[in-house]
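In each ligand, atom 1 is the first atom listed, and ligand 1 is the first ligand listed. Each residue takes its place number in the sequence, starting with 1. Predicted, not measured: the structure shown is a model, and the values here were computed from it.
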Amino acid sequence: MIEEILSVDVMSAEAFDDDADIHLFAEERAAVADAVPRRRREFSTVRRCARSALGELVIPPAPLPPGRHRDPQWPAEVVGSMTHCSGYRAAAVAGASRRRSVGIDAEESAPLPEGLLDRGALPAERNLAERLGARSDAVLWDRLLFSCKEAVCKVWFPLTQRRPGVGGARIDIDSGGFFSARFLAPPPRAAGNSVPRLTGAGCTAAGSF
Ligand SMILES: CC(C)(COP(=O)(O)OP(=O)(O)OC[C@H]1O[C@@H](n2cnc3c(N)ncnc32)[C@H](O)[C@@H]1OP(=O)(O)O)[C@@H](O)C(=O)NCCC(=O)NCCS
């Protein structure tokens, strides 16, 4: 499912259920030693997906422990991202020589909890979700907007060690599900000199829209 919205140089793997017996490296096992079974399962399955995607880049299986801010630690030669939600896990990776960062996010297709978008989106973004919703109810636009913001956060964090925050980036989505993000604050030096503009795409379990 996710492959259809990723660029051809971004490798991915996904899963719709968990296996009981997935190999974890010692540092990964330590990271979820005290976690509840559901958390251990999603953590393990998404790492199996990540190693499968790494294999497409001919990178041997490597430990992918969470960093201090939960950001997964990838082998130096790749950038990547992982996501999981009820019934779905996915990972995407690309060569670090081709991409500066990758971010993916999956969400359950369900209405957002009341008030979440008021706290988590700019007024212009909320208006956009309303306008799109008035044109088509085939997609939960507020959920998609939230997911775009999460994906943007996962792109931004490895570059800067910071989350962009609610007002740090403005998302624009078109009716085809393609989106762009404009960063509203100058990036920290670690992210390079130019203010990046980021593009992405969304799809639903029923297909792209
Ligand atoms: C980073 C963040 C997006 C992850 O959200 P989430 O709901 O856990 O997302 P998912 O379940 O889809 O993905 C979880 C995976 O994201 C990855 N992840 C977690 N923190 C991360 C970070 N700081 N940077 C990059 N990737 C991260 C991990 O691989 C994690 O899986 P794992 O713990 O099994 O390794 C979230 O914690 C966050 O900080 N959101 C931004 C909050 C914010 O600024 N909101 C304003 C706009 S709404």
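Distance from atom 35 (O) of ligand 1 to its nearest protein heavy atom, with residue and atom name: Arg47 NH2, 2.8 Å. Of the protein's heavy atoms, Arg163 NE, 2.4 Å lies nearest to atom 39 (O) of ligand 1. Ranking protein heavy atoms by distance to atom 12 (O) of ligand 1, first place goes to Thr83 OG1, 2.6 Å. For atom 13 (O) of ligand 1, the closest non-hydrogen atom on the protein side is Lys154 NZ, 3.0 Å. Atom 1 (C) of ligand 1 has as its closest protein heavy atom Cys153 SG, 4.1 Å. Ranking the protein heavy atoms by distance from atom 26 (N) of ligand 1 puts Pro72 CD, 3.5 Å first. Of all protein heavy atoms, the one lying nearest to atom 18 (N) of ligand 1 is Arg70 O, 3.6 Å. Ranking protein heavy atoms by distance to atom 48 (S) of ligand 1, first place goes to Gly120 O, 3.2 Å.
With sequence neighbours left out, Asp19 forms a salt bridge (Lys or Arg N to Asp or Glu O under 4.0 Å) with Arg48. Every residue two or more places apart in sequence or in another chain that forms a salt bridge (Lys or Arg N to Asp or Glu O under 4.0 Å) with Arg38 is listed here: Glu42.
Atoms of ligand 1 lying under 4.0 Å from at least one heavy atom of Gly165, given by number and element, are 44 (O). Atoms of ligand 1 lying under 4.0 Å from any heavy atom of Asp105, numbered from 1 in the order shown and given with element: 9 (O), 12 (O).
Inspection of the Ser147 and Asp105 side chains reveals an N or O donor paired with an N or O acceptor under 3.5 Å.
The CD atom of Glu14 lies 7.0 Å from the CD1 atom of Ile2; values are rounded to the nearest 0.5 Å.
Leu116 has its side chain within reach of Phe146: a pair of non-hydrogen atoms, C-beta onward, lies under 4.5 Å apart.
Counting heavy atoms under 4.0 Å from ligand 1, residue Lys149 touches it through the side chain alone. At a heavy-atom distance under 4.0 Å, atoms from both the backbone and the side chain of His84 approach ligand 1. Under 4.0 angstrom from ligand 1, there are no non-hydrogen atoms of Arg68.
Shown here is Asp118, whose CG atom has more than 12 heavy atoms of other residues, nucleotides or ligands within 6.0 Å.
Less than 4.0 angstrom separates atom 41 (C) of ligand 1 from at least one non-hydrogen atom of the protein.
The backbone N or O of Ala13 sits nowhere less than 3.5 Å from a side-chain atom of Ser52 that would complete a donor-acceptor pair.
Salt bridge Lys149/Glu125: present, at least one basic N to carboxylate O contact under 4.0 Å.
Annotation: cation-pi pair Arg47/Phe43 present, NZ/CZ under 6.0 Å from the ring centroid and within 45° of its normal.
Using a 4.5 Å cut-off between side-chain heavy atoms of Ile, Leu, Val, Met, Phe, Trp and Tyr, with links allowed through other members, Tyr88 and Val46 fall into different hydrophobic clusters.
The closest non-hydrogen atom to atom 7 (O) of ligand 1, taken over Glu150, Gln161, Glu107, comes from Glu150. Distances from atom 23 (N) of ligand 1 to the heavy atoms of His69, Arg39, Arg89 show the closest one on His69.
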